[in-house]
Amino acid sequence: GAVVSQHPSRVICKSGTSVKIECRSLDFQATTMFWYRQFPKKSLMLMATSNEGSKATYEQGVEKDKFLINHASLTLSTLTVTSAHPEDSSFYICSALKTSGGWYEQYFGPGTRLTVT
Amino acid sequence: GQQLNQSPQSMFIQEGEDVSMNCTSSSIFNTWLWYKQDPGEGPVLLIALYKAGELTSNGRLTAQFGITRKDSFLNISASIPSDVGIYFCAGQSSGAQKLVFGQGTRLTINP
């Protein structure tokens with residue numbers, strides 16, 4: 001297997017402030033990481049693909065200026081929710097791509113619960 | 001866009017029963033993955049399938065990659081309380097790194 005961590009696990013912030021979430025691959029290098037958002041009782045919704053050393057690729061409808069992604073090293077990607085509002089409250093999950101024998105496998109972090117008051 | 005239909009959406013079973021769930025797609029995938037998600041946690045990879053027709057087991061779990069490459073199923077034998085959770089299938093197209101997820105199957109077990 002492979003281990004991916006996220007920090008913080010829970011965060012409460014006030015409306016208008018920014019929040020940074022970190023995603024780390026602990027025992028492998030990941031040139032590609034993904035950021036998902038999950039609403040209650042729903043499946044995972046891909047927000048963006050984070051590429052080490054280059055700009056992130058955002059899915060349609062996701063505001064890149066609101067959800068800033070930085071992938072500065074092979075083991076760390078960060079998601080910053082800027083000027084957060086209550087509607088940004090959600091469960092954010094990252095994953096890291098591991099290549100294994102020519103195949104891709106995505107390993108997920110434990111998630112970050114964001115509550116904006 | 002690509003869509004995965006996962007069924008059933010929810011299951012209520014007795015402990016010890018076998019469980020079966022499946023995913024179908026309108027398009028071909030080169031890889032099928034099955035994940036389990038516990039409340040408040042991220043998904044955990046259970047089984048990865050890479051070849052059409054492949055049947056792979058992981059303990060009491062068995063999954064198969066359909067011959068048409070448009071479907072996959074996951075079976076759980078002799079269910080136990082810790083099997084409770086949401087199971088997601090995910091497909092990956094050739095050359096793509098992104099995953100397409102099913103809607104999830106919520107498994108509840110009555111002791």
Side-chain angles (χ1 to χ4, degrees), chain A residues 1-10 21 23-25 28 30-52 56-61 90-115, chain B residues 1-11 21 23 25 29-52 54 56 58-59 61 63 65 84-108:
Chain A
V3 182
V4 177
S5 70
Q6 267 182 256
H7 178 79
S9 57
R10 290 177 176 271
I21 303 170
C23 178
R24 295 181 185 273
S25 55
F28 66 101
T31 56
T32 303
M33 293 184 176
F34 300 91
W35 287 97
Y36 294 84
R37 185 172 179 177
Q38 187 176 33
F39 293 101
K41 299 186 178 181
K42 296 294 184 182
S43 188
L44 286 76
M45 182 185 77
L46 180 64
M47 299 174 65
T49 302
S50 171
N51 303 298
E52 187 268 335
T57 304
Y58 290 82
E59 295 299 301
Q60 191 173 8
S90 192
F91 193 52
Y92 292 87
I93 311 174
C94 72
S95 71
L97 199 65
K98 181 180 180 183
T99 55
S100 176
W103 304 102
Y104 295 123
E105 292 177 351
Q106 275 194 39
Y107 290 89
F108 287 83
T112 296
R113 174 75 58 192
L114 170 63
T115 303
Chain B
Q2 292 177 314
Q3 289 185 328
L4 288 185
N5 291 314
Q6 185 172 348
S7 64
Q9 291 187 4
S10 60
M11 300 183 73
M21 60 192 78
C23 275
S25 169
F29 287 109
N30 276 24
T31 302
W32 282 93
L33 303 162
W34 284 92
Y35 291 88
K36 177 177 184 271
Q37 186 178 27
D38 292 326
E41 299 289 333
V44 174
L45 181 62
L46 300 174
I47 293 179
L49 302 160
Y50 303 112
K51 297 180 182 179
E54 179 182 356
T56 298
N58 178 6
L61 278 61
F65 191 146
V84 166
I86 303 176
Y87 292 81
F88 290 101
C89 64
Q92 192 172 53
S93 302
S94 174
Q97 297 177 335
K98 295 192 294 186
L99 293 177
V100 178
F101 279 88
Q103 303 96 323
T105 295
R106 182 180 297 272
L107 179 62
T108 303

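The chains referred to below are lettered A, B, ... by the order of the sequence lines, with proteins before strands, and numbering in each begins at 1. No experiment lies behind these values; they were computed from the predicted model shown.
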Given A:Glu59, A:Met45, A:Arg113, the one with more heavy-atom pairs under 4.5 angstrom with chain B than any other is A:Glu59
Minimal heavy-atom distance between A:Phe34 and B:Gln97, with the atoms involved, is CZ-O, 3.5 Å
Cut-off 4.5 Å, heavy atoms of chain A, and the answer for B:Gln6 is neither
(message) Atom OH of residue position A:Tyr104 - does it have more than 12 heavy atoms of other residues, nucleotides or ligands inside 6.0 Å?
(response) no
Residues B:Gln37 and A:Phe91: closest non-hydrogen pair is NE2-CE2, 4.0 Å
Ordered numerically, the heavy-atom neighbours of chain B under 4.5 Å found in residues 36-43 of chain A are A:Tyr36, A:Gln38, A:Lys41, A:Lys42, A:Ser43
The ring pair (Phe, Tyr, Trp, His ring centres under 6.0 Å) partners of A:Tyr58 (sequence neighbours excluded) come to none
dist A:Leu97:CG -> B:Lys98:NZ (nearest 0.5 Å) comes out at 13.0 Å
Greatest number of non-hydrogen atom pairs under 4.5 angstrom with chain A, of B:Pro43, B:Gly42, B:Gly104, falls to B:Pro43
Okay, B:Tyr50 and chain A: the region with an atom under 4.5 Å from a heavy atom over there is both
message = side-chain contact (heavy atoms from CB on, under 4.5 Å), that's the test. Do A:Lys98 and B:Leu45 meet it? Break it down for me.
response = CA-CA 12 Å; A:Lys98 181 180 180 183; B:Leu45 181 62; over 6 Å; no
